[in-house]
Amino acid sequence: IRYAKEALRYVTPKNQERAWRLEGNIACQSFKYYEARDVFMKLEKWALHQQNKYLLQYSYMGMQRAISMGLADERLQKADYPELEQAMKEYVQKGITLAKEMGNLEYITQAYSRLANFYNNFEQPKEAIHHYELALQLAEQYGCRKDLEKDNYLHLYENSKLTGDFEKAL
């Protein structure tokens, strides 16, 4: 993170887009939700202005990560969680709509997996299970990465234990 922050000192208009990506990732890794959110919102606005769908997809994914990390930001209160949940659903939906338009099927499975991770961190195991199962179903259907399936099965196991569904956990 230290070297990344140092690199931000040398931002020029030519590499501003890369700087925002770096700045957003640093904020996420530092569990600073508000800073990450602000950066990914700038990146989203810039991508829309540039009509760059790949950058837009990156900004949606970054925003989803930032929102998930928001649960670990000490400055957020429990009262903020419904707002976070709404924002997460919104950015997952935006990402899925764009991914369908672009034909990026793997992104769709990843978006549902990130939503499941959010619910997992939000301590809502039933919602997490539902979205992990959906991500797995889509990963199978689209023939996506096997490591995504492995991670989702592991999370399904953990959440099924939490809900007392030991049969499903096995």
Side-chain angles (χ1 to χ4, degrees), residues 1 4-5 20-48 55-101 104-139 144-145 147-169:
I1 291 176
K5 285 182 178 179
W20 281 332
R21 287 180 185 211
L22 184 59
E23 192 178 352
N25 290 333
I26 291 169
C28 279
Q29 290 172 4
S30 304
F31 298 101
K32 294 183 176 177
Y33 163 69
Y34 293 108
E35 291 84 348
R37 180 198 62 189
D38 292 346
V39 170
F40 286 118
M41 286 175 86
K42 278 190 248 180
L43 196 58
E44 177 185 10
K45 188 175 179 178
W46 177 254
L48 287 168
L55 183 60
L56 187 58
Q57 193 170 52
Y58 183 88
S59 71
Y60 292 159
M61 186 174 60
M63 187 60 89
Q64 292 165 20
R65 270 195 359 256
I67 293 167
S68 286
M69 293 297 173
L71 295 173
D73 191 324
E74 296 169 353
R75 296 170 292 179
L76 287 171
Q77 306 297 316
K78 288 269 190 202
D80 296 323
Y81 288 2
E83 182 183 320
L84 280 178
E85 180 180 18
Q86 186 59 39
M88 185 66 168
K89 286 179 178 178
E90 176 187 331
Y91 276 94
V92 164
Q93 192 54 53
K94 283 181 176 183
I96 288 171
T97 300
L98 183 62
K100 286 179 180 175
E101 183 181 315
N104 186 347
L105 303 177
E106 187 170 329
Y107 179 92
I108 297 169
T109 62
Q110 291 172 349
Y112 281 119
S113 186
R114 279 190 292 278
L115 184 56
N117 288 339
F118 172 81
Y119 282 118
N120 188 33
N121 295 339
F122 200 42
E123 297 177 0
Q124 292 187 12
K126 288 182 182 179
E127 283 292 324
I129 288 169
H130 169 73
H131 289 91
Y132 283 128
E133 287 175 340
L134 183 56
L136 281 167
Q137 178 187 7
L138 292 171
C144 295
R145 295 188 341 235
D147 58 328
L148 178 68
E149 287 184 34
K150 180 188 69 151
D151 290 345
N152 284 342
Y153 278 121
L154 180 62
H155 290 302
L156 261 176
Y157 164 75
E158 292 167 351
N159 281 283
S160 295
K161 283 190 335 186
L162 287 174
T163 61
D165 190 347
F166 297 106
E167 214 172 286
K168 186 181 264 186

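Residue numbers run from 1 in the order of the sequence given. No hydrogens, no waters, no symmetry mates; every other heavy atom, side chains included, goes into these values.
Looking at every heavy atom in both residues, G24 comes nearest to A36 through O-CB, 4.1 Å.
Side chain of S113 to main chain of Q110: no donor-acceptor pair is present (N/O by atom type, distance under 3.5 Å, no hydrogens or angles). Side-chain N or O atoms of S68 include none that pairs as donor or acceptor with a backbone N or O of R65 at under 3.5 Å.
Not a single side chain to side chain donor-acceptor pair (under 3.5 Å) links R37 to another residue, sequence neighbours left out. Under the ring pair (Phe, Tyr, Trp, His ring centres under 6.0 Å) criterion, Y91 pairs with Y60, sequence neighbours left out. By the ring pair (Phe, Tyr, Trp, His ring centres under 6.0 Å) test, F118 is found to be paired with F122, residues two or more places apart in sequence or in another chain being considered. The ring pair (Phe, Tyr, Trp, His ring centres under 6.0 Å) check on F40 picks up nothing, with sequence neighbours excluded.
At a threshold of 4.5 Å between non-hydrogen side-chain atoms, the residues R21 and L55 count as touching.
Rounded to the nearest 0.5 angstrom, E23 CD and I26 CD1 are separated by 7.0 Å. Distance check, rounded to the nearest 0.5 Å: CG of N25 to CH2 of W20 gives 14.5 Å. The OG1 atom of T109 sits 8.5 Å away from the CZ atom of R114 when rounded to the nearest 0.5 Å. In this structure, L138 CG and H131 NE2 are separated by 11.0 Å, a value rounded to the nearest 0.5 Å.
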Problem - Full working for side-chain contact (heavy atoms from CB on, under 4.5 Å) between K45 and L48 - result: CA-CA 5 Å; K45 188 175 179 178; L48 287 168; 5.8 Å; no

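Between V92 and the choices I108, L115, I67, the side chain to side chain contact (heavy atoms under 4.5 Å, CB included) rule is met once, by L115.
Evaluation of the side-chain hydrogen bond (donor to acceptor under 3.5 Å, both in side chains) test over residues 80-89, restricted to residues two or more places apart or in two chains, returns E85-Y119.
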Please table the atom pairs, donor to acceptor, closer than 3.5 Å between any side-chain atom in residues 94-101 and protein atoms at least two apart or in another chain.
from : atom 1 : to  : atom 2 : distance (Å)
K94  : NZ     : E44 : OE2    : 3.0
K94  : NZ     : E90 : OE2    : 3.4
T97  : OG1    : Q93 : O      : 2.9
T97  : OG1    : Q93 : NE2    : 3.3
E101 : OE2    : K53 : NZ     : 2.5

